[in-house]
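What you see below is based on every heavy atom in this structure, not just the backbone, and it leaves out hydrogens, waters and symmetry mates.
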2 protein chains.
Amino acid sequence: MVLEIKLTQALRLWREVHLDLVRDTQADLSVRQTAILLTIYLELPPHTVRGLAARLGVTKPVITRALDSMGKLGLVSRKRDEYDKRNVVIQRTVAGALAVEHLADLVTARARELGSA
Amino acid sequence: MVLEIKLTQALRLWREVHLDLVRDTQADLSVRQTAILLTIYLELPPHTVRGLAARLGVTKPVITRALDSMGKLGLVSRKRDEYDKRNVVIQRTVAGALAVEHLADLVTARARELGSA
DNA sequence: CGATAATGATACGGCCCCGTAACGATCGGG
DNA sequence: CCCGATCGTTACGGGGCCGTATCATTATCG
C-alpha cells in the first residue's frame, strides 16, 4: 500500500470531502473536535481530559467543552474513574463509532474517485 | 496513480492532518470556510457569492461572512464586476495561494508517512 | 492528621458563526 | 421610464467556542 499522492490530488481530496461534510448538514464539528473524536477512536484507551489536552496541545477547558458538545450529540460519553475519582474516563459510543466510520467512507470514496480520474 | 486507500488509513490521515492544523495555531478555518477557500483556488474563475452559495448548498450570508473573515486574513479579496455592478468577483491572493499550498503539503506528507508504515 | 498537588468543571468576557428577513444598488423588460 | 428581478450586504436574535482564572473534589506526602 503505497498511498503516494500528488499535491493537486491532496487538495482535491480535501475539498471534495469538505464539500460532502458541508452538505451532510449534520454535526459540522470544528477542527479541534474532529481531532479529539478521532484520537479517542483511533488510539488505545483509556483517554482522559488531561491526556487529550496534552496530546493536542490545547487547554483542558477546550477538552471539557468539546466533550460536552459531542456528548450531547451522543458521540462520546464520560465516566468517573473508580480507582482515582479525580479522573474522568472518556468512552466510545455506538453513534460515535458510526460517525467515524462514515467519515472513513467519505474519505476513501473520494480518494478512489481521484485515483481513477 | 492509483491512490487506493484503506478505511483505517483514511482515518489516520484525517486525524494526523487535523492534529497538525490544531497545533498550527494559525487560522483554524471552519469546515465551510475551508470548502469555500479550496473551491476558489481549485475551480476556474470567475467566482461569485451566489455561485459559491449554490455550489456549497448554503445561503448567501454564509459566503459573505466567510469572505469577510478570510479577507481579514488576507486569503481572498473582492472586486466589483464593472460590467454588471451587482456582481462581486472573488479574487485569489498570494497569501491565500500559500495557505492552500501549505495545506497540500500537510496532507501529502502525512499520506506519505502512512504509506511507508 | 493537615498541607499540597492534581484533576476536571465552571465563570467570565470576548469573538465568530448561523439562518431569516430585510435592505440598497443595479440591471432589464415592457 | 418604471417596476420587478437579481445581486451582495447588513440587522437581528440565538448559540458555540475561545483562553484565563478560579473552583470543588480527590489523592498524596510529610
Item to check | Which nucleotide in dT10(C), dC7(D), dT26(D) has an atom nearest any side-chain atom of Asp84(A) | outcome: dT26(D)
Checklist entry - Pro61(B) has a side chain; which of dC18(C), dG19(D), dT9(D) sits nearest to it? => result dT9(D)
Item to check | Pair Thr39(B)-Arg55(B), side chain to side chain donor-acceptor pair (under 3.5 Å): steps then yes or no | outcome: CA-CA 9 Å; Thr39(B) 297; Arg55(B) 195 88 177 75; 6.0 Å; no
Next on the checklist: Which is more 5' along DNA chain D, the nucleotide nearest Ser30(A) or the one nearest Tyr83(A)? Just name the residue.
Outcome noted: Ser30(A)
Next on the checklist: What contact category does Thr48(A) fall into here, base, sugar-phosphate, or nothing, at under 4.0 angstrom with non-hydrogen atoms?
Outcome noted: sugar-phosphate
Checklist entry - Reckon Val58(A) touches a base, only the sugar-phosphate, or nothing at all at heavy-atom distances under 4.0 Å? => result nothing
From [atom1] of [X] over to [atom2] of [N], roughly how many Å is that when rounded to an integer?
X        : N       : atom1 : atom2 : result
Arg50(B) : dT9(D)  : CZ    : P     : 13 Å
Asp28(A) : dG15(D) : CG    : C1'   : 14 Å
Ile63(A) : dG8(C)  : CD1   : P     : 10 Å
Asn87(A) : dA27(D) : CG    : P     : 9 Å
Arg86(A) : dT25(D) : CZ    : P     : 15 Å
Ile90(B) : dC7(D)  : CD1   : P     : 13 Å
Lys60(A) : dA6(C)  : NZ    : C1'   : 7 Å

Item to check | Leu56(B) to Arg23(A) - nearest heavy-atom pair and separation | outcome: O-CG, 3.8 Å
Next on the checklist: Regarding dG19(C), can its base be found pairing with the side chain of Arg65(B) as donor and acceptor, where the two atoms are less than 3.5 Å apart?
Outcome noted: yes
Would you say [X] reaches [N]'s phosphate, i.e. side-chain N/O to OP1/OP2 under 4.0 Å?
X        : N       : result
Arg32(B) : dG19(C) : yes
Gln33(B) : dC17(C) : yes
Thr64(A) : dA9(C)  : yes
Thr59(B) : dG19(C) : yes

Checklist entry - Charged N to carboxylate O below 4.0 Å: is that the case for Asp68(A) and Arg78(A)? => result yes
Item to check | SB check Arg86(B) Asp81(B) (cutoff 4.0 Å) | outcome: no
Checklist outcome for this item: Within residues 66-82 of chain B, those residues having any heavy atom closer than 4.0 Å to DNA chain D are Arg78(B)
Item to check | pair Gln91(A)-Val76(A): side-chain heavy atoms closer than 4.5 Å | outcome: no
Next on the checklist: Less than 4.5 Å apart, side chain to side chain, heavy atoms only: is that true for Tyr41(A) and Leu11(B)?
Outcome noted: no
Next on the checklist: Classify the ring geometry of His18(A) against His18(B): parallel below 30°, tilted from 30° to 60°, perpendicular beyond 60°.
Outcome noted: parallel
